[in-house]
Structures are given as C-alpha cells and as structure tokens.
Amino acid sequence: MPNLLAGKVGIISGALNEESIAWKVALKAHAEGARFVLTNAPLAMRMGEINKLAEQCDALIIPADATSMEDLEKLFSGAQEHLGGKLDFVLHSIGMSANIRKGKHYGELNYEWYQKTLDVSALSFHRMLAVAEKQDAFNEWGSAVALSYIAAQRAFLDYTDMSQAKAMLESIARSYGQRLGKLKKVRVNTISQSPTKTTAGTGISGFDAFFEYANRLSPLGNAPAEACADYVVSLFSDLTRYVTMQNLMHDGGFSTTGISEEIVELMSKANQ
C-alpha cells in the first residue's frame with residue numbers, strides 16, 4: 001500500500017548516522033508520505049550526520065536532551081507549531097550506558113552511571129509521553145513506538161545495566177499504553193529487535209559473537225535495520241490501530257527457538 005503515512009506527522013528521535021534504525025525509519029516514513037521533526041541530544045548531534053538526513057527528508061531538527069522536561073516541552077510544542085497540528089507518531093530510539101562504554105562488568109557497576117542509563121534509556125520515554133499528554137499533543141489513534149531488546153527478558157553477558165533499562169522501557173509502554181489508550185486512543189508499543197550493527201550495538205563487548213549466534217539460531221536469520229524500519233512504519237500506520245501495550249519481537253524467530261541445526265553442528269565440531 002503506497003503512501004501508508006500520507007498526511008501523518010510526528011517526531012523521530014535518535015538518528016545518529018546511516019546505520020541507525022531511526023535513520024532508516026525516517027527515510028521510510030518520508031517515502032510513505034509522512035512529515036516529521038528530527039531530534040537528538042546536542043552531543044549526539046555534534047557526533048552524527050543528522051543534517052544530511054534532515055535535507056533528504058525535508059525535516060526540521062529540534063535538539064533536545066531527553067532527560068530534560070524543559071527541552072522535551074520545547075520539542076513537542078515546536079514540532080506541533082512547525083508541522084501545523086497535533087502529532088500522529090513518535091519514535092523513541094534512545095539508549096546510553098556509560099557502564100557498557102567503559103567496560104564495567106555487572107558486579108562493578110558505577111551506580112551514578114546506572115541511574116543515568118535508566119534515565120536516558122527508559123525514563124526518557126515516560127517523560128516524552130507525559131509531555132505529550134500535558135500538551136494534548138497526539139491526534140486520536142496516534143502511535144508511540146520505542147526500540148527494545150530481548151535482554152529485557154533474558155540475561156545477556158555484557159549488556160549489564162541496559163538489560164534493566166529495556167525492561168523498564170517495556171513496562172512504561174504497557175502502563176502508558178493503558179493510560180493514553182483510554183484518554184486518546186493512542187497506542188504505545190515496543191519493538192524487540194535482533195542484534196543490529198548500529199553504533200550503539202557494536203559498542204557492546206562480544207557483539208560480533210552474539211550477532212552471529214542469533215543469526216544461526218533464528219530460522220529467518222537476524223532482522224536487518226531496514227526491515228525494522230518497515231515494522232515501525234506499519235505501527236505508525238492505520239493498519240495497526242488495535243495493537244497496543246505490546247512488546248513485539250522482530251528477531252527472525254530467535255525468541256522462540258530452542259536450538260537450531262547450525263548451533264548443533266557448531267557444538268558437535270567443537271566437541272570433536
């Protein structure tokens with residue numbers, strides 16, 4: 001169905017560079033007829049190439065620290081002013097862990113950094129939705145989507161405090177999904193994406209090993225970032241009006257596969 005998002009407007013956060021899922025969502029949403037504002041933290045904007053994306057999508061950039069209510073209030077009011085009305089979609093694609101970046105194992109976490117991980121990676125979603133509620137920023141049947149990972153449910157080496165951040169993110173989506181659904185028929189979901197070779201993903205120790213493991217375990221293989229963008233766009237669209245408060249697995253079947261032939265073969269070779 002062409003022009004799936006024709007007439008829809010929104011906010012897309014977290015596009016750092018061409019590898020970012022948010023970057024690919026922006027390109028896909030633009031191709032499907034949406035108009036939107038791009039946002040990222042001022043530091044991430046200095047590191048990234050977001051101006052190039054803005055030109056490609058004819059989008060305004062409004063910098064915002066997602067842990068600042070003042071910045072988010074300016075973001076949502078500025079987006080509505082620029083786009084000429086209330087919003088139909090919001091993408092939360094924000095995550096950061098200083099503990100991971102600095103190689104802290106789970107038993108030696110810096111707790112101030114831990115709190116910052118939760119604030120940036122999870123509470124920021126609550127802040128965004130709370131600001132949207134206070135400003136009555138959503139149209140009816142709007143859609144908010146956040147990107148998660150299966151480490152919210154399972155223990156993964158070296159994912160450390162981001163595991164708790166993703167679990168909190170998914171819980172916020174359920175609680176706020178109930179609230180916004182009753183208030184405005186707005187749906188709130190998370191997508192649990194396969195390991196993906198983004199700047200954030202490849203910063204995790206041992207990423208290549210667990211990327212390959214997931215790829216060999218999943219019957220369809222790892223879902224690429226482009227496919228995740230397609231899924232996000234489907235959740236922004238009217239085709240998924242009654243999907244809310246869900247954590248949706250987009251992982252090629254990884255989450256429901258016990259073992260695969262490829263893994264059995266690898267283990268057999270190792271034992272020989």
Side-chain angles (χ1 to χ4, degrees), residues 1-42 44-45 48-66 71-94 124-125 127-147 176 180 183-191 225-241 243-244:
M1 185 182 292
N3 291 319
L4 200 57
L5 302 183
K8 294 195 181 295
V9 299
I11 295 172
I12 294 176
S13 71
L16 184 68
N17 54 36
E18 290 180 352
E19 276 69 55
S20 304
I21 293 171
W23 188 292
K24 296 180 191 304
V25 170
L27 291 176
K28 183 71 177 177
H30 176 65
E32 292 293 339
R35 294 185 300 119
F36 47 84
V37 162
L38 294 167
T39 187
N40 216 326
M45 288 184 62
E49 306 156 24
I50 197 169
N51 290 325
K52 184 168 75 173
L53 178 63
E55 285 176 24
Q56 286 179 270
C57 297
D58 192 25
L60 176 70
I61 304 169
I62 302 179
D65 176 349
D71 278 16
L72 291 174
E73 284 161 5
K74 289 176 181 174
L75 168 64
F76 275 82
S77 60
Q80 291 172 86
E81 185 180 344
H82 176 71
L83 296 166
K86 298 183 190 299
L87 308 174
D88 299 297
F89 60 85
V90 169
L91 176 68
H92 179 283
S93 181
I94 301 168
S124 58
F125 192 39
R127 291 175 191 272
M128 290 173 84
L129 297 175
V131 168
E133 181 189 338
K134 288 181 178 72
Q135 294 187 7
D136 190 22
F138 275 115
N139 280 315
E140 283 202 347
W141 301 105
S143 176
V145 176
L147 297 180
Y176 234 125
L180 287 179
L183 285 171
K184 205 73 188 284
K185 292 185 167 58
V186 171
R187 55 213 198 264
V188 185
N189 295 290
T190 53
I191 292 175
E226 291 83 1
C228 188
D230 289 338
Y231 200 20
V232 172
V233 165
S234 77
L235 290 172
F236 289 166
S237 80
D238 292 336
L239 298 179
T240 51
R241 275 192 165 192
V243 180
T244 194

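None of these values were measured; they are calculated from a predicted model.
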Name the orientation class of the two ring planes belonging to F36 and H30 (parallel below 30°, tilted from 30 to 60°, perpendicular beyond 60°). perpendicular

Output for pair (E49 CD, E19 CD), nearest 0.5 Å, gives 8.0 Å

Taking every heavy atom of L147 against every heavy atom of S93, the minimum-distance pair comes out as CD1-OG, 3.4 Å

Do other residues, nucleotides or ligands put more than 12 heavy atoms under 6.0 Å from the NZ atom of K184? yes

Between K86 and D136, is there a side-chain heavy-atom distance shorter than 4.5 Å? yes

Provide the full list of salt bridge (charged side-chain N to carboxylate O under 4.0 Å, His left out) pairs with a residue in residues 20-29, sequence neighbours left out, each pair given once. K24-E226, K28-E32, K28-D230

On a heavy-atom basis, the closest approach of V243 and R187 is O-CB, 3.3 Å

Under 3.5 Å donor-acceptor, S237 side chain and L5 backbone: no

For L235, does its backbone N or O pair with a side-chain atom of N189 as donor and acceptor, under 3.5 Å? no

Could you pull out all residues at least two apart from K52 that satisfy side-chain hydrogen bond (donor to acceptor under 3.5 Å, both in side chains)? E18

Please round to the nearest 0.5 Å and tell me the distance separating atom CG of L180 and atom OG1 of T244. 8.5 Å

Heavy-atom closest pair, residues V233 and A29: CG2-N, 4.0 Å

Can you tell if the side chain of I191 reaches within under 4.5 Å of the side chain of C228, non-hydrogen atoms only? yes

Which pair of heavy atoms, one from L87 and one from G10, lies closest together, and at what distance? CD2-CA, 4.2 Å

For E73, run the side chain to side chain contact (heavy atoms under 4.5 Å, CB included) check against Q135, K134, R127 and tell me which one passes. Q135

Are F89 and I12 side-chain neighbours, meaning at least one heavy-atom pair lies under 4.5 Å? yes

Note: R241-D238 ion pair, threshold 4.0 Å (strictly below): yes

Counterpart residues, side-chain hydrogen bond (donor to acceptor under 3.5 Å, both in side chains), relative to N139 (two or more places apart): D88

So, do W23 and Q56 sit near enough that their side-chain heavy atoms are less than 4.5 Å apart? yes

Nearest heavy atoms of S234 and T240, plus distance in Å: O-OG1, 2.7 Å

Going by the rule side-chain contact (heavy atoms from CB on, under 4.5 Å), which residues pair with A54 if we only count those two or more places apart in sequence or in a different chain? L38, I61

Taken in chain and number order and not counting sequence neighbours, the residues that satisfy ring pair (Phe, Tyr, Trp, His ring centres under 6.0 Å) with F125 are H92

Between A15 and A22, what is the shortest heavy-atom contact and its length? N-CB, 3.6 Å

Under the side-chain contact (heavy atoms from CB on, under 4.5 Å) test, residues paired with A132 that sit two or more places apart: F76, A137, F138

Keeping S13 on the side-chain end and L91 on the backbone end, is there a donor-acceptor pair under 3.5 Å? yes

For the CG atom of N40 and the CG atom of D65, what is their distance to the nearest 0.5 Å? 10.5 Å

Using side-chain heavy atoms (C-beta onward) and a distance below 4.5 Å, is L53 in contact with L27? yes

Check whether any side-chain N or O of T39 sits under 3.5 Å from a backbone N or O of P63 as a donor-acceptor pair, and report yes or no. no

